[in-house]
S.K.: 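First, the structure itself, so that you have it in front of you.
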Amino acid sequence: QREDEQGEKTAPPSHQLSFIGARCCVQSNKRCTVIGGSGFLGRHLVEKLLERGYSVSVFDIRQSYELPGVTFYQGDLCDKRTLLPALQDVSLVFHCASPAPGSDNRELFERVNILGTRTVIEACVEAGVQKLVLTSSASVVFEGTDIKNGREDLPYAKKPIDYYTQTKIEQEKLVLAACDTEKNFLTVAIRPHGIFGPRDPQLVPILVDTARRGKMKFIIGDGTNLVDFTFVENVVHGHILAAEHLRPSSPICGKPYHITNDEPVRFWDFMSEVLMGLGYAAPRYHLPYTLVYGLALLLWLLALVLRPLVSFKPTFTPMRVALAGTHHYYSCERAKQDMGYKPVIGLKEGITLTVQSYPHLRRGA
Ligand SMILES: NC(=O)C1=CN([C@@H]2O[C@H](COP(=O)(O)OP(=O)(O)OC[C@H]3O[C@@H](n4cnc5c(N)ncnc54)[C@H](O)[C@@H]3O)[C@@H](O)[C@H]2O)C=CC1
Ligand SMILES: CC(C)=CCC[C@@H](C)[C@H]1CC[C@H]2C3=C(CC[C@]12C)[C@@]1(C)CCC(=O)C[C@@H]1CC3
C-alpha cells in the first residue's frame, strides 16, 4: 500500500490487484458500497470491483443474487436509517439505483431520484464516506431532437422527454453540488448512454418482444440516425476510473463525464444486428418520423385520458420514437483527457457477447 500527498491510502497499480486480491485478504482502504448493486449495471460493477481487489457491500431494495465476499443490505435508499449501516467504514460509494425508465411514475421518480439522492448524500457525509460516484445519464441533455457529438457543456434539457430524465437532471445537480474538497467529500457523475450487455433486462428483451409480436418490420425515418450504444463493461470501466481518479486536486471533482463506446452507430443497424444475431428478421420498411411521432403522441394522450378506466402501455411512446429516430451521440473526449478513459470492449465484440448471452431469446427457443 502507498500513501499519496493527501495522506490517503492509494491502490497499487491495477496489474498488481488481481495478484494481491488472490493472495491475501482485501485491503481495508478499498471498501466500497454499491447502491443499486442488484441491478444490471450494479451487478457488473460489483463483479469487476471484486476482481480488482475491492471489498464490496451492496445496498438495494431487492437482492437478486448471491456472491461470495459480497455483503447485502436490503432497504429503500430513501430511508437513511436502513442505509447508514451499509456505509460504515466505507470510503467509496457508487450510486447506481433508479426506478426503471419505463415506469412513467412521476411520484416514484421524484421520491427515489431526488429525495432519495439527497438522503444518500446526507448519509455519506454522516458516515464519513469520502467519494461518491453517481451513475447519471447522457439523456440529461436530450430533448428529443438531434445531438451530434454532444459535449458535457451542453445545457441540461429545458423540456426533458419524461419524468425519468427530469429527475435524473435534478439528481445529477444535487450530487455535483455536494462536492466539497475542503470537507474531503468528493463527487463525480458518469453519464452513460444506451447500456447493453449480458443480463440487461431492457434493451434486448424489449427488442425481442417487439419482434415476436411481429412489430419489428419498420424503420422510423430514413434509418441513418447515429446513436451511442455502450457495452456494460465499458460503463463499469468508466465508473472505476472515476473512483480511482477522484482526489482533492483532481480536475474531475464535481464534474459530469460521458462514457460511451466512442463508436456511434446507426440505431437501426444496431437493432438489426442484434435481431439477426438472435435469428429474427431485420426491419425493412420505412415510415416517416413525424407520422410515427404524431401517432405515438396521440396514443400517449389516449392512454392518459383513459387511465382511470383501462390501463394499457403502448409500445410506441413519444420518448421511444424520439430515441429511435434522432441522432444522439456524445463525445467522451473529457473522460479520455481527465481519466485516461478508453473503451475496453469494441461494439462488434460487445454485440457478439450480448447475443451469445441470450440463448433463451433466440427465435424458436
Ligand atoms: N440502462 C441504461 O441504458 C442506462 C442506465 N443509466 C442509469 O444507470 C443506473 C443503473 O441502471 P440499470 O442497471 O440499467 O437499472 P436496473 O433497474 O437494472 O438497476 C437499478 C437498481 O436500483 C434498485 N433500486 C431502485 N429503487 C431503489 C430504492 N428505492 N432503494 C434501493 N434500491 C433501489 C433496483 O432494485 C435495481 O436493482 C440507473 O441510475 C440508470 O438511470 C443511465 C443511462 C443508460
Ligand atoms: C441508445 C439508447 C438510449 C437506447 C435506450 C434503450 C431503449 C430506449 C431502446 C431499446 C429497445 C428500443 C426499441 C424501440 C425504442 C427504443 C428502445 C426501447 C422501439 C419501440 C422503437 C420503435 C419500433 O419500431 C420498435 C422498437 C423496439 C425496440
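For ligands, and for the atoms within them, numbers begin at 1 and follow the listed sequence.
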S.K.: Is there at least one pair of N or O atoms, one from Leu77 and one from ligand 1, spaced under 3.5 Å apart?
M.R.: yes
S.K.: So if you build clusters from Ile, Leu, Val, Met, Phe, Trp, Tyr with side-chain heavy-atom gaps below 4.5 Å, do Val140 and Tyr330 land together?
M.R.: yes
S.K.: Looking only at N/O atoms, are Arg111 and ligand 1 under 3.5 Å apart anywhere?
M.R.: no
S.K.: Show which atoms of ligand 1 fall inside a sub-4.0 Å distance from at least one heavy-atom site of Ser38.
M.R.: 37 (O)
S.K.: Less than 4.0 angstrom from a charged side-chain N to a carboxylate O is my criterion; do Lys215 and Asp209 meet it?
M.R.: no
S.K.: Pro192: heavy atom below 4.0 Å from ligand 1, yes or no?
M.R.: yes
S.K.: Quick check: does Arg62 get an N/O under 3.5 Å from an N/O on ligand 1?
M.R.: yes
S.K.: Look only at interatomic distance and state if Phe59 has a nitrogen or oxygen under 3.5 Å from any nitrogen or oxygen of ligand 1.
M.R.: no
S.K.: If the contact criterion is a heavy-atom separation under 4.0 Å, does Cys96 count as touching ligand 1?
M.R.: yes
S.K.: Does Arg43 count as lying over the ring of Tyr65, i.e. NZ or CZ under 6.0 Å from the six-ring centre, within 45 degrees of the axis?
M.R.: yes
S.K.: Would you call Arg111 and Asp76 a salt bridge, using N to O less than 4.0 angstrom?
M.R.: yes
S.K.: Give me the one residue out of Glu170, Glu172, Lys173 that meets side chain to side chain donor-acceptor pair (under 3.5 Å) with Tyr156.
M.R.: Glu172
S.K.: Which heavy atom in Leu246 sits nearest to a heavy atom in Val133, and how many Å separate them?
M.R.: CD2-CG2, 4.5 Å
S.K.: Counting only nitrogen or oxygen atoms and a 3.5 angstrom limit, does Val112 reach ligand 1?
M.R.: no
S.K.: Taking Glu110 first and then Arg106, would you say they form a salt bridge - that is, a charged N and a carboxylate O separated by under 4.0 Å?
M.R.: yes
S.K.: With a cutoff of 4.0 Å, is Ser139 in contact with ligand 1, counting heavy atoms of the residue only?
M.R.: no
S.K.: Does any N/O atom on Gly42 come nearer than 3.5 Å to any N/O atom on ligand 1?
M.R.: no
S.K.: Using a 4.0 Å heavy-atom threshold (strictly under), name the region of Thr135 that reaches ligand 1: side chain, backbone, both or neither.
M.R.: both
S.K.: Do the non-hydrogen side-chain atoms of Tyr257 and Val188 ever get within less than 4.5 Å of each other?
M.R.: yes
S.K.: Taking N or O atoms only and a 3.5 Å limit, does Cys78 qualify as a polar contact for ligand 1?
M.R.: no
S.K.: Determine, considering heavy atoms only, which of Asp60, Val232, Ile190 sits nearest to atom 37 (O) of ligand 1.
M.R.: Asp60
S.K.: Heavy-atom contact check, 4.0 Å cutoff: does Tyr164 meet ligand 1?
M.R.: yes
S.K.: Please work out, at 4.0 Å between heavy atoms, whether the side chain, the backbone, both, or neither of His193 comes within that distance of ligand 1.
M.R.: neither
S.K.: Heavy atoms only, cut-off 4.0 Å: how does Ala97 contact ligand 1, side chain, backbone, both, or neither?
M.R.: both
S.K.: Assess Ala138 for proximity to ligand 1: is some non-hydrogen atom of it under 4.0 Å away?
M.R.: no
S.K.: Are Glu273 and Lys348 close enough for a salt bridge, meaning some N to O gap below 4.0 Å?
M.R.: yes
S.K.: Measure the OG1-CZ distance between Thr352 and Phe231 for me, rounded to the nearest 0.5 Å.
M.R.: 9.5 Å
S.K.: Counting heavy atoms only, name the option from Ser98, Gly197, Gly37 that's nearest to atom 38 (C) of ligand 1.
M.R.: Ser98
S.K.: Tyr285 ring centre to Lys217 NZ or CZ under 6.0 Å, with the angle to the axis within 45°?
M.R.: no
S.K.: For atom 3 (O) of ligand 1, which of Ile195, Ile35, Asp79 has the closest heavy atom?
M.R.: Ile195
